[in-house]
Q: 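One structure, as structure tokens, below. Some questions next.
Quick note on labels: first sequence line is chain A, next is B, and so on, each numbered from 1. Small disclaimer: the values here were computed from a predicted structure and weren't measured.
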There are 4 protein chains.
Amino acid sequence: MKIEFDEKRPIYLQIMKAIKQEIATANLKKGDKLPSVREMAEILKVNPNTVQRAYQELEREQITYTQRGMGTFITNDVQKLKSLKKEMAIELVTFFVNEIKNLGFKTEEIIEIVKESLEREVK
Amino acid sequence: MKIEFDEKRPIYLQIMKAIKQEIATANLKKGDKLPSVREMAEILKVNPNTVQRAYQELEREQITYTQRGMGTFITNDVQKLKSLKKEMAIELVTFFVNEIKNLGFKTEEIIEIVKESLEREVK
Amino acid sequence: MKIEFDEKRPIYLQIMKAIKQEIATANLKKGDKLPSVREMAEILKVNPNTVQRAYQELEREQITYTQRGMGTFITNDVQKLKSLKKEMAIELVTFFVNEIKNLGFKTEEIIEIVKESLEREVK
Amino acid sequence: MKIEFDEKRPIYLQIMKAIKQEIATANLKKGDKLPSVREMAEILKVNPNTVQRAYQELEREQITYTQRGMGTFITNDVQKLKSLKKEMAIELVTFFVNEIKNLGFKTEEIIEIVKESLEREVK
DNA sequence: GTGGTCTAGACCACT
DNA sequence: GTGGTCTAGACCACG
């Protein structure tokens with residue numbers, strides 16, 4: 001796992017997001033063990049406390065669970081994992097649609113803009 | 001002008017954004033006078049320093065200009081104002097496309113999701 | 001505010017609890033400002049990070065809110081504050097009743113024991 | 001014996017507590033043999049080290065004793081077993097009374113709350 | 001080896 | 001001055 005840190009946003013949030021994306025793309029599956037706090041800290045060239053913070057928040061969101069002395073694991077609640085991808089997508093899309101409407105674009109225009117952007121990506 | 005502040009993100013940035021959106025939707029036009037720092041501060045129930053900061057940054061981006069003793073005005077550079085809308089849209093869309101791809105969605109799916117979301121909005 | 005730290009339990013949890021008790025006993029009321037992180041750290045002879053952690057968790061529980069650059073305040077949600085006392089009491093009592101039943105005491109005995117203990121306190 | 005582990009509190013303490021409760025409710029009597037460390041570990045789906053630790057501490061508190069090659073047994077000191085129940089009850093009650101007073105409840109109120117809670121339990 | 005907590009000290013952006 | 005984040009380094013209990 002590699003992360004290009006944004007420098008502006010809290011690192012622990014970026015770690016959380018990266019892990020969530022790994023789950024969304026099924027690179028991380030239920031029950032998978034995450035690297036230990038120290039390992040991950042070394043991988044990311046970051047202080048262990050920062051990783052700890054990220055793991056803690058993930059656990060609070062019930063995306064991971066920890067077993068004393070064993071490590072941190074992706075939850076076995078498959079439903080949770082499925083809904084995670086959906087939730088992230090919905091949040092992202094509604095944010096996007098809101099913002100773009102605030103700029104005064106109409107429905108048809110928006111579709112057009114997105115298509116354009118996607119084609120540009122393909123190149 | 002009313003803003004629902006997020007409290008988590010810098011207030012001055014939220015003010016800047018709101019003003020830019022007013023410009024994008026043509027509620028604010030070239031040469032329009034902005035409320036004075038104090039007026040705006042009172043309207044938004046915010047510290048004058050915060051408004052000051054927002055105005056300052058807007059001027060640095062050459063979206064506004066100030067005339068001593070007269071106040072702060074939207075720039076007369078029409079080109080600037082036009083490109084503003086486009087820039088904001090592009091930035092938003094590329095951000096969106098990047099993020100949604102990171103979630104593992106394919107091109108066709110993305111269009112579908114956006115359409116769905118737009119239809120939901122219409123209701 | 002003074003706290004006698006337990007040494008066994010996390011300090012930040014003990015700080016949180018102390019603040020909640022201040023609220024329950026109405027020593028802290030809606031909108032009251034808490035000492036700044038640094039002040040409180042000095043008062044309690046504790047590292048600022050530890051106080052920070054306590055404040056953060058309190059905010060997550062919506063018992064406090066923070067205003068950027070202004071400080072941390074008790075929530076204005078009176079309902080929340082009222083229910084806080086009730087919640088704490090209920091949690092405590094149900095815990096107690098559960099535990100004491102697990103020891104095999106019967107209803108009448110329990111009342112008796114509590115009364116005894118209260119009389120002892122009075123002395 | 002079944003235990004629903006809390007995962008937040010040390011497992012070995014939870015095992016100790018469960019055994020003590022079995023004694024308090026007379027499900028375990030003087031001289032009774034406890035399951036071997038390995039058996040118990042399998043029953044509770046727990047690392048044998050953890051059970052070992054629990055048994056060790058129980059022995060340190062002279063609640064059990066071990067005979068080499070024979071296993072671990074509840075002490076024959078009937079006095080000890082009787083006082084165990086009393087001790088646990090006293091500790092629990094004084095803790096409860098302390099806490100509830102810290103919430104600002106008065107003596108009469110406390111009795112009332114406990115009664116209410118007990119009635120609710122009966123239903 | 002594992003996570004959890006804490007101290008010390010620092011830097012930053014915001015008000 | 002305020003909260004928020006981070007690093008460095010340490011200690012602890014647990015498995």
Q: For the pair made of CD in A:Glu7 and C1' in F:dT7, what is the distance, rounded to whole Å?
A: 13 Å
Q: Starting at the 5' end of DNA chain E and moving along, which residue's nearest nucleotide shows up first, A:Thr66 or B:Asn47?
A: A:Thr66
Q: For C:Tyr65 and E:dT15, what is the distance between atoms OH and P respectively, to the nearest whole Å?
A: 15 Å
Q: Looking only at the side chain of C:Thr72 (C-beta and beyond, no hydrogens), which of the listed nucleotides F:dG3, E:dC14, E:dG4 gets closest?
A: F:dG3
Q: Which nucleotide, F:dC6, E:dT15, E:dT7, lies nearest any side-chain atom of C:Thr50?
A: E:dT7
Q: Could you let me know what E:dC14 is paired to, Watson-Crick or G-U wobble, both distances under 3.5 Å, or none if it's on its own?
A: F:dG1
Q: Classify the side chain of A:Asn49 versus the base of E:dG3 as yes if they form a donor-acceptor pair under 3.5 Å and no if they do not.
A: no
Q: Taking the minimum atom-to-atom distance to the side chain of C:Arg53, which one of E:dT5, E:dT15, E:dC14 wins?
A: E:dT5
Q: For A:Arg68 and E:dG3, is the shortest distance between a side-chain N/O and OP1 or OP2 below 4.0 Å?
A: no
Q: Once you apply a heavy-atom cut-off of 4.0 Å, does A:Val46 come out as touching a base, just sugar-phosphate, or nothing?
A: sugar-phosphate
Q: Using atom CZ of D:Phe5 as one end and atom C1' of F:dC14 as the other, report the distance to the nearest whole Å.
A: 13 Å
Q: Should the pair C:Phe73 and C:Tyr65 be assigned to parallel (<30°), tilted (30 to 60°) or perpendicular (>60°) ring geometry?
A: parallel
Q: Donor-acceptor pair, distance only, cut-off 3.5 Å: does the side chain of C:Gln14 make one with the backbone of C:Asp6?
A: yes
Q: Take the protein atom CD of C:Glu42 and the nucleotide atom C1' of E:dA8, then report the distance between them rounded to whole Å.
A: 15 Å
Q: Examine E:dT15: is either OP1 or OP2 under 4.0 Å from a nitrogen or oxygen in the side chain of B:Tyr12? Give yes or no.
A: no
Q: Quick check: on DNA chain F, is the nucleotide nearest C:Gly69 upstream (toward 5') of the one nearest A:Pro10, or the reverse? Name the residue that is more 5'.
A: C:Gly69
Q: Could you state the atom-to-atom distance from CD of B:Gln56 to P of E:dA13 in whole Å?
A: 15 Å
Q: Salt bridge between C:Glu61 and C:Lys20, side-chain N to carboxylate O under 4.0 Å?
A: yes
Q: Just call it for C:Gln67: base, sugar-phosphate, or nothing, with non-hydrogen atoms closer than 4.0 Å on any strand.
A: nothing
Q: Taking donor-acceptor contacts at under 3.5 Å, does the side chain of C:Arg38 reach the base of F:dG3?
A: yes
Q: Ignoring hydrogens, what is the shortest heavy-atom contact between D:Thr50 and D:Val46? Give both atom names and the distance.
A: CB-CG1, 3.4 Å
Q: How do C:Glu39 and A:Arg9 order along DNA chain F: which one's closest nucleotide is nearer the 5' end?
A: C:Glu39
Q: Counting only side-chain nitrogens and oxygens, does A:Tyr55 get under 4.0 Å of the OP1 or OP2 atom of E:dG3?
A: no
Q: Quick one: on DNA chain E, does D:Lys8 or B:Ile11 contact a more 5' nucleotide (nearest heavy atom)?
A: D:Lys8
Q: Nearest-Å distance, CD (B:Gln14) to P (E:dC14)?
A: 11 Å
Q: Counting only side-chain nitrogens and oxygens, does A:Gln52 get under 4.0 Å of the OP1 or OP2 atom of E:dG4?
A: yes
Q: Any side-chain N or O of A:Ser36 below 4.0 angstrom from OP1/OP2 of E:dG1?
A: no
Q: Rounded to whole angstrom units, what separation is found between the CG atom of A:Leu44 and the C1' atom of F:dT7?
A: 15 Å
Q: Ignoring hydrogens and geometry, is there a side-chain-to-backbone donor-acceptor pair from C:Thr25 to D:Gly104 under 3.5 Å?
A: no
Q: Can you confirm whether more than 12 heavy atoms, excluding those of A:Glu42, are under 6.0 Å from its CD atom?
A: no
Q: Within this structure, what is the CD-to-C1' distance between A:Glu57 and E:dG3, rounded to whole angstrom?
A: 15 Å
